[in-house]
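Take a look at the structure below.
A note on names: the letters A, B, ... follow the listed sequences, proteins ahead of strands, and every chain is numbered from 1. Computed over heavy atoms, backbone and side chain alike; hydrogens, waters and symmetry mates excluded.
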Amino acid sequence: MSLFIDGFNEALQLLASGNDSVYSAIAVTITVSSWSLLISLLIGLPLGFLLGYYNFPSKPVVRTIVDTLLALPTVVIGLIAYTMLSRSGFFGSFDLLFSQKAIIIGQIVLGTPIVIALTATQVESIDKRLYLSLKGLGANKWQILLTTLVEARFGLMTAAMTAYGRIVTEIGISMMVGGNIKYHTRTITTAIALETGKGEFVTGIALGLVLFIIALMVNIILSVLKRKWV
Amino acid sequence: MKKILLSTVLAAAVATTSLMAKDLMMATTTSTDNTGLLDYLAPKFQKDTGTTLKWVATGTGKALKMGSNCDVDILFVHAPASEKKFVNTGYGVDRRQVMYNDFVIIGPKQDPAHVTGLAPSKALEKIKENKSNFFSRGDNSGTNKKEISLWKKAMAKAPEKAAWYVQTGQGMLRTINMAAEKNGYTMTDRGTWIKYQSQKGDKNPMKIVVEGDKSLFNQYSVITINQEKCSKVQPKLAKQFSDWIVKDSTQKVIADFRLLGKALFIPNANK
């Protein structure tokens, strides 16, 4: 227990002292995960809408595939991304391995199925009469898409949050395709793994605290937004 | 608060520029990273040459693999036999010795297997007889390869299946920490051991039990990845680094890298 309490105290001091390797890991995490979430949303929201809104013969198959992707461990995604992005791999000529872009790509693979699956569920759960009234009022496809997404906004925010939570806390992808390079691709989670591995538990706890604070802030923002929009 | 904001902004700036900058990419062993040697050398290299050094710290085995996948420009590793093989396959060129230290077997202060001062193979035999926990990296790193060769010398092969032979699959410092928690023995390079000592101070439950044998010598070298095999690598930047690290002034800098007053690595470049 004393290890934890000492760690906690020293962690606060470390954070207050502005330790540059700690802040660089924080900055990398925020930069990378924001991009990943943004792109996952851009891809996932429309696809999720299509999946939830339309009925087509292969729908159960697609649904199963999306749901299976949700269960992929991040190290597996990391491993696949690694073999693709390696210079001896399929996309090797783009020279992406061990860069922040590589982490972003891996995290998009992680985040997009979450956004698709949750969006589809939200869209499906919306009152069917909405579509009928919209059609009756002469709305076109895009207007239906937009209105539905607005109607489902809380559910979609939850989808985005869930995706963000998974992206920000994942370690397998960042470690494998990022390479945990100090000041460049070292994220909060890979830094925690490294520091605890070296026995530097204090730094690990400091970084864990930061991750907690990020999660807390995102949730506060979300609840404020919800209240405003009701 | 201002300081925190400032450092976040600075870090963000660093993070963003790294999205485009072209830097020297190195794969290296955990000891050069865990000890802080590369953290100490990289800024000096940057200052002298203007090139940024980025490194991925892993076992020597995986580092060599990264080399043959063409994913890095240079290797900084310590498993001479595997390195020579790597050079013979044509992936590596211009292997140069940089520095050395030695391996030591460390164990609990009470030394339950009574191996203190023995020769390495004798010590391993006694650890086996006593069924004391032995923590192996088990990750194909240079240290792991050396450790397995010592087991082979002591008995026909490493006791892979024995319950007391624990393969951690993790880096050196983490493996030492595991051995310390579980009252076991392990083999490490002296640099990482000194780093561990400096972290633990008075609370250190471990001590060196075996050292000084000729077979425990630990040579570190740099190897440039051959551009003929890997068109994307940057041999010029790699050469810049390997010229730099064998230079007298840098060799002196390595000798000056100390913890608790002890040198972690001893430079021995013969250019």
Side-chain angles (χ1 to χ4, degrees), chain A residues 2-3 14-32 34-35 82-83 85-89 92-104 175-187 190 193-204 210, chain B residues 1-23 25-27 30 33-36 38-39 42 52-58 65-66 68-72 168 170-178 180 192 195-196 199-200 225 229-233:
Chain A
S2 77
L3 181 66
L14 184 66
L15 287 176
S17 74
N19 179 304
D20 64 342
S21 60
V22 171
Y23 281 93
S24 137
I26 296 169
V28 170
T29 303
I30 293 175
T31 311
V32 164
S34 302
W35 279 109
Y82 188 106
T83 53
L85 298 179
S86 164
R87 280 180 186 152
S88 54
S93 52
F94 296 104
D95 205 8
L96 287 168
L97 194 64
F98 304 136
S99 68
Q100 294 184 11
K101 284 180 196 151
I103 305 181
I104 294 171
M175 190 62 99
M176 291 186 89
V177 298
N180 193 25
I181 300 167
K182 195 174 182 183
Y183 299 130
H184 298 284
T185 59
R186 183 163 298 169
T187 63
T190 59
L194 176 79
E195 298 302 338
T196 53
K198 291 196 296 186
E200 309 272 12
F201 294 104
V202 174
T203 318
V210 172
Chain B
M1 196 61 206
K2 230 176 181 177
K3 207 171 175 190
I4 294 179
L5 275 177
L6 191 69
S7 41
T8 315
V9 170
L10 274 179
V14 170
T16 329
T17 50
S18 77
L19 278 170
M20 39 210 169
K22 205 80 174 118
D23 312 309
M25 196 70 218
M26 172 192 280
T30 58
D33 183 51
N34 279 184
T35 54
L38 284 174
D39 281 331
T52 305
L53 177 67
K54 286 184 178 178
W55 66 92
V56 177
T58 169
K65 193 78 203 156
M66 285 178 175
S68 56
N69 281 342
C70 310
D71 288 329
V72 289
T168 66
Q170 318 231 25
M172 195 65 251
L173 265 175
R174 173 166 286 194
T175 303
I176 298 178
N177 275 298
M178 290 171 77
T192 310
K195 174 76 186 182
Y196 177 79
Q199 274 180 358
K200 290 287 158 172
I225 303 302
K229 288 267 190 182
C230 298
S231 58
K232 283 278 194 168
V233 294

Which atoms of L97(A) come close to chain B, meaning under 4.5 Å heavy atom to heavy atom: side chain ones, backbone ones, both, or neither?
-> side chain
Any side-chain heavy atom of D33(B) sitting closer than 4.5 Å to one from K182(A)?
-> no
So which part of T196(A) gets closer than 4.5 Å to some heavy atom of chain B, the side chain, the backbone, both or neither?
-> both
When M66(B), Q170(B), M178(B) are compared by non-hydrogen pairs under 4.5 Å with chain A, the top option | M66(B)
Using non-hydrogen atoms and a 4.5 Å limit, figure out which bit of T30(B) sits close to chain A: side chain, backbone, both or neither.
-> neither
How long is the gap from CE on M172(B) to NZ on K198(A), to the nearest 0.5 Å?
-> 14.5 Å
Taking side chain as C-beta onward, heavy atoms only, is V56(B) less than 4.5 Å from I181(A)?
-> yes
Heavy atoms only, distances under 4.5 angstrom: which of N69(B), N177(B), V72(B) has the most pairs with chain A? Name it, please.
-> N69(B)
Kindly check if the number of other-residue, nucleotide or ligand heavy atoms within 6.0 Å of NZ (K65(B)) is above 12?
-> no
Contacting moiety of F201(A), where chain B heavy atoms sit under 4.5 Å = neither
What part of K195(B) is in contact with chain A, defined as an atom under 4.5 angstrom from a non-hydrogen atom: side chain, backbone, both or neither?
-> side chain
Run the numbers on K54(B) and F98(A) for side-chain contact (heavy atoms from CB on, under 4.5 Å), then give the verdict.
-> CA-CA 9 Å; K54(B) 286 184 178 178; F98(A) 304 136; over 6 Å; no
Quick one: does R87(A)'s side chain get under 4.5 Å of V233(B)'s, heavy atoms only?
-> yes
Looking at T58(B), I176(B), D39(B), which one has more heavy-atom pairs under 4.5 Å with chain A than the rest?
-> D39(B)
